Participant: 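I have a structure here, written as structure tokens, and I will follow up with some questions on it.
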Amino acid sequence: QLQLVESGGGLVQPGGSLRLSCASSGFTLDYYHIGWFRQVPGKEREGVSCISRSGGSTNYADSVKGRFTISRDNAKNTVYLQMNSLKPEDTAVYYCARGLRPCAPSIAPGEYNYWGPGTQVTVSS
């Protein structure tokens, strides 16, 4: 069965950090561009970041630039999202997904498939 699974979410205070992981089963992650997305109830899913197959190209939403870093370890079949200086507005369910097209600045959800179930990130004091 082809699937992605996110982990690493939790409750953190403003200014804190979390590292999310995205692991795959049923397929080799390093063949694909991978994106991270987030969604809050009542709002559309938002592209956060994406990374190319080799890891040599990355893109970020303006709202997270300078705070979040995407990376991948193809030997471990895992993509990471390091989130620093977290703000309450970063609170959301975070998802990873497999890209149908190369990682682009738009980070459009419609260009990704095989979504994981998501991991909750809550930033609150």
Side-chain angles (χ1 to χ4, degrees):
Q1 184 178 0
L2 306 180
Q3 62 178 0
L4 292 168
V5 179
E6 305 90 347
S7 61
L11 173 64
V12 64
Q13 292 186 342
S17 298
L18 283 173
R19 188 177 78 159
L20 305 183
S21 298
C22 172
S24 69
S25 64
F27 65 94
T28 303
L29 206 62
D30 59 355
Y31 289 165
Y32 299 94
H33 311 283
I34 299 295
W36 279 100
F37 302 81
R38 64 187 182 187
Q39 189 170 23
V40 297
K43 292 190 175 181
E44 292 187 353
R45 193 163 294 186
E46 171 192 19
V48 174
S49 183
C50 64
I51 188 167
S52 64
R53 287 177 293 186
S54 67
S57 176
T58 59
N59 285 290
Y60 296 92
D62 288 344
S63 58
V64 306
K65 279 181 182 176
R67 300 188 297 122
F68 291 12
T69 302
I70 192 170
S71 62
R72 66 192 303 159
D73 186 338
N74 287 338
K76 294 183 178 180
N77 219 31
T78 304
V79 172
Y80 303 99
L81 185 68
Q82 178 67 43
M83 306 187 297
N84 298 329
S85 303
L86 282 161
K87 305 175 181 180
E89 52 263 44
D90 294 318
T91 295
V93 177
Y94 283 72
Y95 303 88
C96 63
R98 194 176 81 174
L100 295 168
R101 297 179 181 179
C103 170
S106 60
I107 320 175
E111 296 182 355
Y112 291 78
N113 65 3
Y114 287 107
W115 297 83
T119 185
Q120 176 70 47
V121 172
T122 302
V123 185
S124 175
S125 56

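Worth saying up front: this structure is predicted, and the values here are computed from it rather than measured.
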Participant: If I compare all heavy atoms of S85 with all of S17, which pair ends up nearest, and what's the gap?
Facilitator: N-OG, 4.4 Å
Participant: Identify, with sequence neighbours excluded, every residue that meets side-chain hydrogen bond (donor to acceptor under 3.5 Å, both in side chains) alongside T69.
Facilitator: none
Participant: Distance to the ring centre below 6.0 angstrom and angle to the axis at most 45 degrees; does that hold for R98 and Y32?
Facilitator: yes
Participant: Within the side chain of R72, is there an N or O that forms a donor-acceptor pair under 3.5 Å with the backbone of L29?
Facilitator: yes
Participant: Name each donor-acceptor pair under 3.5 Å that joins a side chain in residues 118-125 to protein atoms two or more places apart or in another chain, with its distance.
Facilitator:
unit_1, atom_1, unit_2, atom_2, d
T119, OG1, G9, N, 3.1
Q120, NE2, A92, O, 3.4
Q120, NE2, T122, OG1, 3.3

Participant: For V12 and L86, work out which heavy atoms get closest and say how close.
Facilitator: CG1-CD1, 3.5 Å
Participant: Apply side-chain hydrogen bond (donor to acceptor under 3.5 Å, both in side chains) to D30 and list each qualifying residue two or more places apart in sequence or on a separate chain.
Facilitator: none
Participant: Under the side-chain hydrogen bond (donor to acceptor under 3.5 Å, both in side chains) test, which residues partner R53, sequence neighbours left out?
Facilitator: none
Participant: Can you find a pair of side-chain heavy atoms, one from E6 and one from L20, that are under 4.5 Å apart?
Facilitator: no
Participant: Can you tell me how far apart OG (S52) and CG (N59) are? Round to the nearest 0.5 Å.
Facilitator: 9.0 Å
Participant: Atom NZ in K76, atom OG in S24: separation rounded to 0.5 Å?
Facilitator: 14.5 Å
Participant: Tell me which one of D90, T91, V93, L81 satisfies side-chain contact (heavy atoms from CB on, under 4.5 Å) with R38.
Facilitator: D90
Participant: Mind checking whether F37 and L2 sit in one hydrophobic cluster, side chains of I, L, V, M, F, W, Y counted as touching below 4.5 Å?
Facilitator: no
Participant: In this structure, is the centre-to-centre distance between the rings of F68 and W36 below 6.0 Å?
Facilitator: no
Participant: Do Y95 and V48 sit in one hydrophobic cluster, given that two such residues count as connected whenever their side-chain heavy atoms are within less than 4.5 Å of each other, even indirectly?
Facilitator: no
Participant: Under 3.5 Å, which donor-acceptor pairs do the side chains of residues 100-113 form with other protein atoms, sequence neighbours left out?
Facilitator:
none

Participant: Disulfide bond (SG atoms under 2.5 Å apart): which pairs involve residues 9-45, sequence neighbours left out?
Facilitator: C22-C96
Participant: If you count every heavy atom of other residues, nucleotides or ligands that lies below 6.0 Å from E44 atom CD, does the total exceed 12?
Facilitator: no
Participant: Is F27 close to L4 at the side-chain level, that is, under 4.5 Å between some pair of heavy atoms?
Facilitator: yes
Participant: Answer whether the closest heavy-atom distance between the side chains of E46 and S63 falls below 4.5 Å.
Facilitator: yes
